[in-house]
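Note that the coordinates shown come from a computational prediction; the quantities given were computed from them, not determined experimentally. Convention: sequence-line order gives letters A, B, ...; per-chain numbering from 1.
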Amino acid sequence: MRELEKSYDPVVVEEKWYRFWLEKNYFHADAATHKVPYTIVIPPPNVTGSLHMGHALYVIQDILIRWRRMQGRNALWLPGTDHAGIATQMVVERLLAAREGKTRHQLGREEFLKRVWEWKTKSGGRIIEQLKTLGASCDWQRERFTMDEGLTRAVREAFVRLYEEGLIYRAERLINWCSRCFTALSDLEVEHQELEGHLWHIRYGELVVATTRPETMLGDAAVAVHPEDDRFSKMIGSRVKLPLVDREIPIIGDAILVDREFGTGAVKVTPAHDFNDFEVGQRHQLPLLSILDAQGKINQNAPEKYRGLSVADARKVVLAELQAQGLLVEEKPHALSVGRCQRCDTLVEPTLSVQWFVKAEPLAKPAIEAVEQGETKFVPESWQKTYMHWMNNIKDWCISRQLWWGHRIPVWYCESGHVTVARQDPAACGTCQSTELKQDEDVLDTWFSSALWPFSTLGWPDDTRDLKTFYPSNVMETGYDILFFWVARMMMMGLHFMKKVPFRTVFLHAIVVDEHGDKMSKVKGNVIDPLDVIHGATLEALTKKAEEGLSPKSALDNIKKSFPTGIPAAGTDALRFTLAAQAAQGRNIRLALGRVEGYRHFCNKIWNATRFAMMNLGEFAPDIFADRLAAGALELSLADRWILSRLQRTVQAVDEALENFRFNDAANLIYQFVWSELCDWYIEIIKPTLLSETPARLTVQGCLVHVLETACRLLHPIMPFITEEIWQALPKAEGAPDSIMITLYPSVEMRLVDEMAERQMARLQQAVTAIRSLRAEYNIAPSKKVDVTLQTPDPAALDAERDLIARLCRTENLAIVKEVVPKARTVMTISGDLQVTMDAGVVDVAAETTRIEKEIGKTHKEQEQVTARLSKESFVARAPADVVEKERMRQTELLGKISRLEESLRSLQQLR
RNA sequence: GGGCGCAUAGCUCAGCGGUGGAGCAUCGGCUUUACAAGCCGGGGGUCACAGGUUCAAAUCCUGUUGCGCCUACCA
């Protein structure tokens with residue numbers, strides 16, 4: 001038998017087994033098999049990103065996949081990465097500026113894209129490597145990238161079909177424009193933020209308007225009042241002179257826009273720079289006057305004085321000018337919300353622009369119905385509401401981006417302005433056959449290709465075998481923060497193109513935050529890198545990384561405060577276990593390093609239990625044991641029957657937990673079983689037998705190996721590495737598989753459930769704990785043997801295990817009786833219907849009296865409560881019979897306890 | 001403005017209708033031959049607050065307070 005190291009060292013072990021699994025090709029799922037498929041398509045991480053704690057939750061998918069694979073399913077976890085248009089382009093542009101001092105325009109489109117691809121190749125491998133470090137059992141042969149040839153073909157196919165169906169159109173609309181990224185953004189890519197701003201009242205001739213954005217008055221097209229507002233209604237139809245700009249604008253009545261109670265009751269209308277005003281403009285046929293250029297500067301449409309100014313500067317100048325002319329009536333603080341670019345934090349301006357859009361409503365309808373009909377379910381259920389709300393209020397989706405990195409829009413224009421939309425690059429205009437074609441400069445929103453991901457990765461638009469086998473997938477597992485980005489759009493596209501939902505269950509996990517509940521961010525310096533948890537990091541390494549990441553000083557200080565001694569290495573399994581144990585539904589996951597440490601200790605605990613077993617297996621032959629077990633030829637002790645039974649309970653409960661995505665329950669169940677039952681009791685109990693030469697030795701060896709082996713399989717999905725290492729070390733029967741990965745997941749064996757053994761064992765534990773407790777309370781040295789009398793209603797049951805009790809409690813003379821005879825110099829305690837009396841040598845009568853009196857008081861109080869409840873007629877009449885019965889038994893027990901305590905008190909008094 | 005969620009031991013969290021739990025921390029005792037990353041024992045909670053429903057409420061309902069998140073066009 002192999003001797004194990006004294007403590008578990010994850011570093012070597014993890015690397016070794018991951019390589020082994022890859023070599024054996026265990027992660028690969030073949031479409032041609034009779035096994036029932038189980039599919040998870042990874043929500044692809046950003047290809048240039050690096051793994052953060054959010055990604056670490058990919059382990060949840062790995063837990064599901066490993067578990068189902070062990071259950072015999074044809075489990076496919078399809079991995080890949082996302083090209084992340086804006087984010088990636090930004091990174092490469094920044095690099096270009098830093099290294100060569102050039103802009104992408106100086107480089108040209110073709111050369112720039114070459115650079116992005118180079119960068120992608122270099123950095124794309126990194127995040128995949130990091131996923132592997134987490135132990136991800138992805139089918140790497142099927143790895144995809146959103147800009148792969150196949151997926152690009154899927155994007156074109158989808159675009160062209162949607163266009164032909166009238167679901168994609170091009171139009172001039174107000175869109176969100178980021179002047180730094182220089183592109184349009186969809187509504188979802190804009191983050192709203194509350195700001196303390198001002199509300200200014202400005203005189204427009206005889207009217208006073210209220211606005212938070214005075215600079216946009218340069219583009220005003222009207223002033224709106226409420227049509228039923230007596231103050232202004234007669235003015236509707238007349239015109240007013242727009243200050244600062246020598247222009248007359250109409251006064252219009254609009255009941256939708258104007259709230260009579262707010263501000264002055266009159267609103268300036270700027271259709272080209274505000275989404276509401278745009279709607280008003282449509283209703284009243286107002287001209288669209290855009291006063292901002294793409295850089296976010298005031299343009300030619302404004303008076304010369306303002307041209308070229310930024311929005312912020314223009315506001316100052318406008319206000320100053322109004323002040324000078326006496327037109328600024330009032331200024332007061334006012335909260336407003338502004339939109340910022342999700343990627344670069346720049347203020348986003350609503351801007352008039354020609355863009356491509358997806359008509360969302362017709363796509364949303366089937367996506368709503370599918371969920372209503374339960375074809376796709378949400379876990380936790382509450383997210384369904386959010387999904388429905390968004391789907392029911394969906395707006396058209398702006399899909400064109402003024403970027404270079406991405407799928408170029410498959411649309412060509414000829415000199416006459418004809419539009420040709422094609423799957424293959426066309427040679428001539430579809431309308432006039434002109435060969436002078438220019439492709440649309442823009443690319444598609446990254447999320448457009450992501451929406452196709454659940455089927456494009458499986459070969460669509462070809463009707464592949466993979467697609468037939470693995471679509472729809474079983475679970476979509478992701479953070480709730482991208483419910484709309486991914487889940488909703490995948491639902492729409494999946495239903496549209498595949499006529500089937502893309503996944504049966506959407507499991508939305510919580511966001512990983514720091515241990516105080518704050519979102520992790522570089523600015524705050526509370527980011528915990530999963531790789532640092534796995535491999536450990538010194539304080540120097542942490543601060544150095546933060547400095548390189550250009551984190552502010554305050555962040556560095558925070559790092560020093562939070563991790564004064566760095567982060568100790570915990571290994572992947574401990575991190576995985578922590579995430580599983582903390583992944584309770586409906587709450588953010590606060591990653592506490594203390595918990596990680598606790599679970600690292602758990603690794604060591606199982607390790608040492610195995611080590612102990614290995615030291616005592618001798619010539620143990622698993623085949624012989626298995627034969628005898630099957631033949632019922634083994635004589636199992638109470639402890640044996642008990643641990644086997646407890647194992648079944650655990651197996652059953654873990655299975656149920658996993659079925660219901662209750663990973664924290666699964667983790668805790670295994671933890672409790674291994675530590676509190678297997679290690680603290682079973683192993684302690686079997687020690688003498690294991691060290692003996694008796695025939696029972698084979699039995700306990702067999703049980704121990706069986707329980708350890710089963711527990712390893714049970715735990716494998718959560719802690720794949722240590723369980724593989726241990727499993728490999730354990731003796732196995734002839735013909736066992738090469739890896740724990742491909743063994744069968746434990747399922748409950750009802751014949752091993754033994755209620756009687758569990759009850760008897762519970763009794764024994766109660767007795768042992770009571771004696772130990774008494775010993776501890778009276779400071780009896782652990783090595784000192786004591787004389788103990790156990791009083792119990794059923795002495796025979798405990799008497800059968802008297803040697804065991806004697807050993808576990810270090811008793812000299814142990815009497816197990818029905819009625820105890822009071823003796824001098826003894827101390828006692830009561831646990832349930834058990835009474836423990838111990839010879840204590842010298843007894844401090846006064847102290848003992850106080851202790852017992854206190855105990856009587858406490859018990860009396862409890863007893864009164866129970867009696868009060870039982871004496872209530874309504875309780876006895878209405879509560880279920882078993883509850884009443886339980887209370888009655890409790891009452892009897894408490895009364896018995898009191899009388900015994902009082903008796904003990906009396907005999908104590910006689911000692912005086 | 002609307003919606004959702006959360007308030008339980010010093011900290012991080014389970015429990016969600018029938019005697020309040022876990023990990024970490026804490027206190028006392030242990031050279032017990034797997035593990036001090038350990039063993040044994042202990043202390044610690046009017047389950048945010050106020051009402052209500054119920055025989056019974058941490059658990060269900062209503063309201064209040066505090067804190068999050070999502071969403072929205074009040075200029």
Side-chain angles (χ1 to χ4, degrees), chain A residues 4 6-8 192 199-200 209-213 224 256-259 261-270 274-280 334 336-337 382-383 385-386 389-390 393 480-481 483-484 510-511 513 515-519 568 578 581-582 584 586-616 662 664-665 668 671-672 676 679-680 683-684 687 691 769 772-777 779-783 807-808 810 862 865-866 869 872-880 882-884 886-887 890 894:
Chain A
L4 264 47
K6 198 167 174 184
S7 62
Y8 175 63
H192 296 273
L199 187 67
W200 287 278
V209 301
T211 182
T212 54
R213 298 200 54 190
I256 300 173
L257 177 75
V258 181
D259 172 359
E261 311 300 316
F262 187 87
T264 58
V267 193
K268 60 192 267 330
V269 179
T270 322
D274 183 284
F275 287 101
N276 293 313
D277 293 4
F278 181 81
E279 301 288 320
V280 177
H334 183 77
L336 78 158
S337 86
S382 54
W383 288 108
K385 235 184 195 165
T386 311
H389 182 261
W390 191 75
N393 295 283
Y480 61 74
D481 53 338
L483 174 61
F484 305 136
I511 303 300
V513 293
E515 63 186 300
H516 305 293
D518 292 326
K519 211 166 174 172
T578 309
Q582 301 236 97
R587 200 197 260 251
N588 279 347
I589 299 171
R590 298 196 190 194
L591 191 88
L593 288 179
R595 301 267 311 241
V596 181
E597 197 189 350
Y599 296 130
R600 191 181 97 224
H601 295 175
F602 179 56
C603 289
N604 204 46
K605 189 73 183 176
I606 316 171
W607 180 259
N608 272 289
T610 313
R611 177 165 177 263
F612 173 72
M614 300 296 293
M615 288 165 75
N616 293 291
R662 305 192 54 101
N664 56 327
D665 287 348
N668 286 326
Y671 185 98
Q672 292 303 329
S676 310
C679 293
D680 287 350
I683 290 183
E684 289 309 318
K687 269 180 182 173
L691 299 166
T769 304
R772 282 175 175 169
S773 179
L774 203 56
R775 286 186 67 123
E777 202 158 345
N779 272 325
I780 312 285
S783 52
R807 179 165 57 85
L808 293 176
R810 290 210 158 229
E862 277 180 69
Q865 271 176 18
V866 175
R869 188 176 299 174
K872 258 170 77 178
E873 217 173 294
S874 53
F875 172 72
V876 183
R878 297 203 191 182
D882 60 317
V883 173
V884 177
K886 236 167 112 183
E887 287 299 311
R890 195 163 134 71
L894 289 168

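If you check every strand for non-hydrogen atoms under 4.0 Å, Leu257(A) touches a base. Here Cys679(A) lies in heavy-atom contact (under 4.0 Å) with a base. Val866(A) comes within 4.0 angstrom of nothing in the nucleic acid, heavy atoms only. Among the heavy atoms of the strands lying under 4.0 Å from Ser7(A) is at least one base atom, whether or not backbone atoms are also near.
With a cut-off of 3.5 Å on both pairing distances, the Watson-Crick or G-U wobble partner of C60(B) is G52(B). In this structure, G44(B) makes no Watson-Crick or G-U wobble pair, since no nucleotide meets both defining distances under 3.5 angstrom. Pair assignment for C30(B): G38(B), on the basis of Watson-Crick or G-U wobble contacts that are both within less than 3.5 Å. The base-pairing partner of C67(B), taking Watson-Crick or G-U wobble contacts with both distances under 3.5 Å, is G5(B).
In this structure, Asp274(A) atom CG and A72(B) atom P are separated by 14 Å, rounded to whole Å. Between the CZ atom of Phe602(A) and the C1' atom of C39(B) there is a distance of 17 Å, rounded to whole Å. Spacing between atom CG of Asn608(A) and atom P of U32(B) amounts to 16 Å, rounded to whole angstrom units. Across the protein-nucleic acid pair, Lys385(A) atom NZ and C70(B) atom P stand 18 Å apart, rounded to whole Å. Residue Arg611(A) contributes atom CZ, which lies 11 Å from atom C1' of U33(B) at whole-angstrom precision. Atom C1' of nucleotide G3(B) and atom NE2 of His389(A) are separated by 7 Å, given to the nearest angstrom. U32(B) atom C1' lies 11 Å from atom CZ of Arg775(A), rounded to whole Å. G43(B) atom C1' lies 12 Å from atom CD of Glu777(A), rounded to whole Å.
Of the candidate nucleotides C35(B), G28(B), C70(B), C70(B) has the atom lying nearest to any side-chain atom of Phe484(A). Here G29(B) is the nucleotide among U33(B), G29(B), G41(B) with the atom lying nearest to any side-chain atom of Asn779(A). Nearest nucleotide to the side chain of Asn276(A), out of C73(B), C40(B), C30(B): C73(B). Picking from G41(B), A72(B), U12(B) the nucleotide with the shortest atom distance to the side chain of His192(A) gives A72(B). Out of A56(B), U12(B), A75(B), the shortest distance to the side chain of Thr212(A) is found at A75(B). If you check U33(B), G42(B), A75(B) against the side chain of Asp259(A), the one that comes closest is A75(B). Residue Thr769(A) has its side chain nearest to G41(B) when only C30(B), G41(B), A75(B) are considered.
Taking for each of Arg810(A) and Arg772(A) the nucleotide of RNA chain B with the nearest heavy atom, the 5'-most of the two is the partner of Arg810(A). Nearest-nucleotide mapping onto RNA chain B: of Asp665(A) and Ala781(A), the residue sitting toward the 5' end is Asp665(A).
Here the closest non-hydrogen pair linking Ala224(A) and Val269(A) is CB-CG2, 3.7 Å. Smallest separation of non-hydrogen atoms from Thr578(A) and Val596(A): OG1-CA, 3.3 Å. The heavy-atom pair separating Glu887(A) from Phe875(A) by the smallest distance is CG-CZ, 3.7 Å. Between Gly265(A) and Val258(A), the shortest heavy-atom contact is O-CG1, 3.5 Å.
With hydrogens and angles ignored, a donor-acceptor pair under 3.5 angstrom links the side chain of Lys605(A) to the base of C35(B). Judged by distance alone with a 3.5 Å cut-off, no donor-acceptor contact links the side chain of Lys6(A) to the base of A34(B).
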Atom pairs, protein N/O to nucleotides 16-25 of chain B N/O, distance under 3.5 Å:
residue : atom : partner   : partner atom : Å
U19(B)  : O2   : Arg890(A) : NE           : 3.1
U19(B)  : O2   : Arg890(A) : NH1          : 2.3
U19(B)  : O2   : Arg890(A) : NH2          : 2.7
U19(B)  : N3   : Arg890(A) : NH1          : 3.0

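In this structure a side-chain-to-backbone donor-acceptor pair under 3.5 Å is present from Asp274(A) to Asp277(A).
Within the 4.0 Å cut-off from OP1 or OP2 of A34(B), at least one side-chain nitrogen or oxygen of Lys687(A) is found. Contact annotation: Ser783(A) does not reach the phosphate of U32(B) (side-chain N/O to OP1 or OP2, under 4.0 Å).
Residues meeting the side chain to side chain donor-acceptor pair (under 3.5 Å) test with Tyr599(A), sequence neighbours left out: Arg595(A).
A heavy-atom distance below 4.5 Å is found between the side chains of Leu691(A) and Asn616(A). Counting only heavy atoms from C-beta outward, the side chains of Arg810(A) and Arg775(A) approach each other to under 4.5 Å.
On the C1' atoms, C49(B) is 14 Å away from A58(B), given to the nearest whole Å. With P as the reference atom, A56(B) and C27(B) are 43 Å apart, rounded to whole Å. U8(B) and U32(B) are spaced 41 Å apart, taking the P atom of each and rounding to whole Å. Annotation: G28(B) and C69(B) have their P atoms spaced 42 Å apart (nearest Å). For the P atom pair drawn from U19(B) and G5(B), the interatomic distance equals 27 Å after rounding to whole Å. A36(B) sits 49 Å from C61(B) when the P atoms are compared, rounded to a whole Å. Taking atom C1' on both G45(B) and A9(B), the two are 5 Å apart, rounded to the nearest angstrom. One C1' atom belongs to C39(B), the other to C16(B), and the distance between them is 35 Å to the nearest Å.
Atom OH of Tyr671(A) is separated from atom CG of Asn664(A) by 15.0 Å, given to the nearest 0.5 angstrom.
Taking the centre and axis of the six-membered ring of Phe612(A), the NZ or CZ atom of Lys687(A) falls inside the cone set by 45° and 6.0 Å.
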